[in-house]
A.B. asks: 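Sharing a structure, written as structure tokens. Questions coming.
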Amino acid sequence: MTEIDLLDALAEESKEALKGFRLRSAKENLIPINIYTQNLPVKEEKGDEKQYPYVCVCFDEEEIANREDPMKLSIFFVIGVFDPTNDKQGFRDVLQIANTVYQHFFRKGIIADAFRPDYPFKILLQKDDTYPYFFGGIESKWELPVIGEEEKYI
């Protein structure tokens, strides 16, 4: 199992967690949350809001501290919502998405038969005012067993 396997598995699990979750698009239609890995798709034209709302699952880093410890992978989730209403409450949708996703991971436990969520898990909101766009995310840690050295003398 690799980092790519983890990204793909987390994207699939995020889709599962958010199945049935709908938000209003820029054209006022109720649409599902888009799930991407590592990058958002290129905008097709200026003002193109088709990618919203979204969760983008992104690899940050991995570390193997020693032979006995599992590999630690850092993954972050960027959440973006478009909400043009004047009450500026789009942050609530961001928080609801973040909570739904991370609770799904911890309820499920091991993801793709290989990856275990670890601590700390953090939920964050963007502090800058970017209305009508609202952003936040999840910082997460994951464990994966380290591949051991082959026994050469058996």
Side-chain angles (χ1 to χ4, degrees), residues 1-23 25 31-43 48-83 88-154:
M1 300 302 276
T2 67
E3 306 86 354
I4 294 170
D5 296 319
L6 176 60
L7 285 177
D8 291 342
L10 293 177
E12 282 304 311
E13 289 295 332
S14 296
K15 277 184 198 171
E16 182 64 28
L18 296 167
K19 184 172 53 177
F21 196 105
R22 304 274 191 265
L23 290 177
S25 70
I31 60 170
I33 310 299
N34 295 304
I35 309 292
Y36 305 111
T37 53
Q38 203 62 29
N39 297 296
L40 297 178
V42 175
K43 286 188 172 190
D48 183 5
E49 274 83 29
K50 288 183 204 169
Q51 57 192 227
Y52 290 88
Y54 67 81
V55 173
C56 188
V57 184
C58 306
F59 172 80
D60 187 26
E61 64 181 6
E62 72 181 52
E63 175 183 25
I64 303 172
N66 60 54
R67 289 180 193 257
E68 290 77 37
D69 287 346
M71 181 186 306
K72 300 276 186 168
L73 295 111
S74 297
I75 303 291
F76 61 95
F77 298 74
V78 179
I79 301 165
V81 171
F82 180 79
D83 182 1
K88 297 175 88 172
Q89 296 296 298
F91 75 93
R92 293 176 184 274
D93 292 328
V94 171
L95 288 174
Q96 187 173 7
I97 291 168
N99 278 286
T100 300
V101 168
Y102 103 82
Q103 288 172 16
H104 175 82
F105 294 145
F106 278 94
R107 270 195 305 275
K108 185 146 187 183
I110 296 177
I111 304 295
D113 298 323
F115 306 102
R116 179 187 309 276
D118 196 13
Y119 296 95
F121 250 65
K122 296 180 185 178
I123 294 177
L124 309 113
L125 283 176
Q126 180 178 357
K127 307 230 183 320
D128 297 332
D129 186 353
T130 55
Y131 171 83
Y133 302 95
F134 296 86
F135 301 98
I138 303 168
E139 288 181 7
S140 66
K141 302 284 186 202
W142 296 86
E143 287 185 357
L144 174 66
V146 176
I147 304 295
E149 195 175 310
E150 287 184 27
E151 291 289 332
K152 297 177 182 144
Y153 304 105
I154 294 183

A.B. asks: With sequence neighbours left out, write down each residue that passes ring pair (Phe, Tyr, Trp, His ring centres under 6.0 Å) with Y119, or none if nothing qualifies.
C.D. replies: F106

A.B. asks: To the nearest 0.5 Å, tell me how far F134 CZ sits from Y52 OH.
C.D. replies: 11.5 Å

A.B. asks: Partners of N66 by side-chain contact (heavy atoms from CB on, under 4.5 Å), sequence neighbours excluded?
C.D. replies: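 Expected list: E68, D69.
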
A.B. asks: Taking the side chain as every heavy atom from C-beta outward, state whether V78 and L40 have any pair of such atoms under 4.5 Å apart.
C.D. replies: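 Not in contact.
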
A.B. asks: Within this structure, what is the OH-CD distance for the pair Y36 and Q51, rounded to the nearest 0.5 Å?
C.D. replies: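 Taking OH in Y36 and CD in Q51, the distance rounds to 5.5 Å.
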
A.B. asks: What residues form a side-chain contact (heavy atoms from CB on, under 4.5 Å) with I110, not counting sequence neighbours?
C.D. replies: R116

A.B. asks: OH of Y131 to CZ of F91: how many Å apart, nearest 0.5 Å?
C.D. replies: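 Between atom OH of Y131 and atom CZ of F91 there are 14.0 Å.
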
A.B. asks: Taking salt bridge (charged side-chain N to carboxylate O under 4.0 Å, His left out) as the test, write out the residues that go with K122, two or more places apart.
C.D. replies: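 If we apply the salt bridge (charged side-chain N to carboxylate O under 4.0 Å, His left out) test to K122, skipping adjacent residues, the hits are E139.
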
A.B. asks: About how many Å separate CE of M71 and CD of E62, when rounded to the nearest 0.5 Å?
C.D. replies: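 Here the rounded value is 4.5 Å.
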
A.B. asks: Enumerate the residue pairs fulfilling salt bridge (charged side-chain N to carboxylate O under 4.0 Å, His left out) with a member in residues 93-111, sequence neighbours excluded, ordered by first and then second residue.
C.D. replies: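 Residue pairs passing salt bridge (charged side-chain N to carboxylate O under 4.0 Å, His left out), neighbours aside: E13-K108.
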
A.B. asks: Can you name the closest pair of heavy atoms from A11 and T37 and give their distance?
C.D. replies: CB-CG2, 3.7 Å

A.B. asks: Parallel, tilted or perpendicular, judged at 30° and 60°: which one describes the rings of F121 and W142?
C.D. replies: perpendicular

A.B. asks: Kindly compute the distance separating NZ (K72) from CD1 (I64), expressed to the nearest 0.5 Å.
C.D. replies: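 So the gap between those two atoms works out to 12.0 Å.
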
A.B. asks: Calculate, to the nearest 0.5 Å, the distance between atoms CG and OG belonging to D118 and S74 respectively.
C.D. replies: 9.5 Å

A.B. asks: Output all residues satisfying side-chain contact (heavy atoms from CB on, under 4.5 Å) with P32, sequence neighbours left out; order by chain, then residue number.
C.D. replies: R22

A.B. asks: Name every donor-acceptor pair, under 3.5 Å, that has one atom in a side chain of residues 1-8 and the other anywhere in the protein, sequence neighbours excluded.
C.D. replies:
unit_1	atom_1	unit_2	atom_2	d
T2	OG1	I4	N	3.3
T2	OG1	D5	N	3.3
T2	OG1	D5	OD2	3.2
D5	OD2	T2	N	2.8

A.B. asks: Return the set of residues passing salt bridge (charged side-chain N to carboxylate O under 4.0 Å, His left out) with D60 (not counting sequence neighbours), or none when no residue passes.
C.D. replies: none

A.B. asks: So which atom in V101 and which in S14 form the shortest heavy-atom distance, rounded to 0.1 Å?
C.D. replies: CG1-OG, 3.9 Å

A.B. asks: So which pairs with a foot in residues 61-83 pass ring pair (Phe, Tyr, Trp, His ring centres under 6.0 Å), sequence neighbours left out?
C.D. replies: F77-F105, F82-Y133

A.B. asks: I need the full list of salt bridge (charged side-chain N to carboxylate O under 4.0 Å, His left out) pairs touching residues 124-133, with sequence neighbours left out, sorted by first then second residue.
C.D. replies: K88-D129

A.B. asks: What residues, two or more places apart in sequence or in another chain, satisfy side-chain contact (heavy atoms from CB on, under 4.5 Å) together with N99?
C.D. replies: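 For N99, the residues satisfying side-chain contact (heavy atoms from CB on, under 4.5 Å) (neighbours in sequence not counted) are L95, Y102, Q103, I123.
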
A.B. asks: Consider side-chain contact (heavy atoms from CB on, under 4.5 Å). Of P117, S140, C58, which one does I75 pass it with?
C.D. replies: S140

A.B. asks: Measure from the side-chain N and O atoms of N34 to the backbone N and O of P53, and report whether any donor-acceptor pair falls under 3.5 Å.
C.D. replies: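 Judged by distance alone, yes, a pair lies under 3.5 Å.
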
A.B. asks: Tell me every residue that passes salt bridge (charged side-chain N to carboxylate O under 4.0 Å, His left out) with E16, counting only those two or more places apart in sequence or in another chain.
C.D. replies: K19

A.B. asks: For A112 versus A9, what's the shortest heavy-atom pair and its separation?
C.D. replies: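 A112 and A9 have their closest heavy atoms at CB-CB, 3.7 Å.
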
A.B. asks: Check P120 against K141 and note the closest heavy-atom contact, atom names and distance.
C.D. replies: O-CG, 3.6 Å

